Amino acid sequence: MALSYVLEPAVSGFNFENSTRNIVLENGSEEGKIKAPKPMKTGTTIAGVVYKDGVVLGADTRATSDEVVADKMCAKIHYIAPNIYCCGAGTAADTEKTTDMLSSNLTIFSMNSGRNPRVVMAVNILQDMLFRYRGMIGAHLILGGVDCTGSHLYTVGPYGSIDKVPYLAMGSGKLPAMGILEDRFKGNMDLEEAKALVSDAIHAGIMSDLGSGNNIDLCVITKEGVDYIRPHRESIYNYKRQAKYKYKPGTTPVLTKTVNQLELELVHETVQMMETAGSS
Amino acid sequence: MNTRGLRSQLKDSVPVTGLCPQAGPYGVQDSLRRGFSSVKNELLPSHPLELSEKNFQLNQDKMNFNTLRNIQGLHAPLKLQMEYRAARQIQRLPFLPSSNLALDTLRGSDDTIGFEDILNDPVQSEMMGDPHIMTEYKLGVL
């Protein structure tokens, strides 16, 4: 509406003012069709496994934007609480923001109640949040953590569906990763076995999927604490820069130089004594 | 948070406000105050989430009150609604952003963070309504 004044105050939250304009732009006339820019996806392989003493989460580190690798060292394992970590696949911004908000909510809860949050609480908050937006927030998450009731591994889909399983893979590379997990998973593995299994599953995803690549990050969560191994295995195709790209001073010749004196007028001068902390 | 007692609500339909055109006091389009309208804009929301987001708080409250009524009897939602009405009246002048602290505490949303706290915070809005016109509109004088 073309009005020169506002009658009601603005509402907080998502703003849908531009959606009509976007629809008009996308379905424009034949010459005027404009495609919306694609968001950066993580095009990922993420996996998680419950072992004897806790949970091992793994992720690759490539973020893609259409057909270009946007980030080679993307951190896909996000901190939620001291005992809960979350791997995110899907739209990079959505997973970042959603896990950030989840982490803030859980911190407020811990401060209120004085307890470490449980993994089910994180899962329920995520489920409510994602279902409210009917899948528009493209976040496919794997949550893993150890709390007073034991070690848990959950997956939350973008529409709010959850699943609680002992081993999981998500992302565009989940099919090859699931193959490795289905083949070699056993209950009650020990730490080295579990780390090798997750690492191999992510490696299978990296080899067989275009959207996953570069290094492998691992995160081991136990009752005692968290071990965030970044990177666990580096890609053998990492190249080191051959030369420096900085220009030496004096590379650009100076043609002319003019100096303009700025006339400053001292208007007001105050002196404030600083209290230096003396020894007492 | 969401209540899970949805099965009892299945037979009631929650009416959705926002589908009718912006009616003025006589039920017709108020061109003087709201400008021109187009039927296409009014009838269908352009984004699937627009309507559900606009009425989200209302629908949540209705659902919670209904469940509370089914569990504890009529008195519980009545008492709570009285408190909500009282808290809703504590506002600043129409053109200034109010914190709604009492309402937030009653709802329990003072210790949760959602998208409505991060995006489009009215405290940080760059536009301000004209104080005179907004107060006149609020008082019904305009």
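Reminder, nothing fancy here: chain letters follow the sequence lines and each chain counts from 1. Bear in mind the structure is a predicted one, so any value in this text is a computation, not a measurement.
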Report summary line: Under 4.5 Å to a heavy atom of chain B? For Y133(A) that would be both
Requested in this report: Please state whether the side chain, the backbone, both or neither of L106(A) comes within less than 4.5 Å of a heavy atom of chain B.
Outcome: neither
Query raised in the report: Does atom CZ of R132(A) have more than 12 heavy-atom neighbours from other groups under 6.0 Å away?
Result: yes
Query raised in the report: Does CZ in F131(A) sit with more than 12 non-hydrogen atoms of other residues, nucleotides or ligands closer than 6.0 Å?
Result: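 Counting neighbours around CZ of F131(A), 12 or fewer heavy atoms of other residues, nucleotides or ligands fall under 6.0 Å, so no.
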Query raised in the report: If you tally heavy-atom pairs under 4.5 Å against chain B, which of N105(A), L102(A), N15(A) wins?
Result: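 Winner by heavy-atom pair count: N105(A).
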Query raised in the report: Side chain, backbone, both or neither: which part of L96(B) has a heavy atom under 4.5 Å from chain A?
Result: neither
Requested in this report: Would you indicate whether the side-chain heavy atoms of L57(A) and L218(A) approach each other to under 4.5 Å?
Outcome: no
Query raised in the report: With the threshold set at 4.0 Å, does a side-chain nitrogen-carboxylate oxygen contact exist between R62(A) and D71(A)?
Result: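 No, R62(A) and D71(A) are not salt-bridged.
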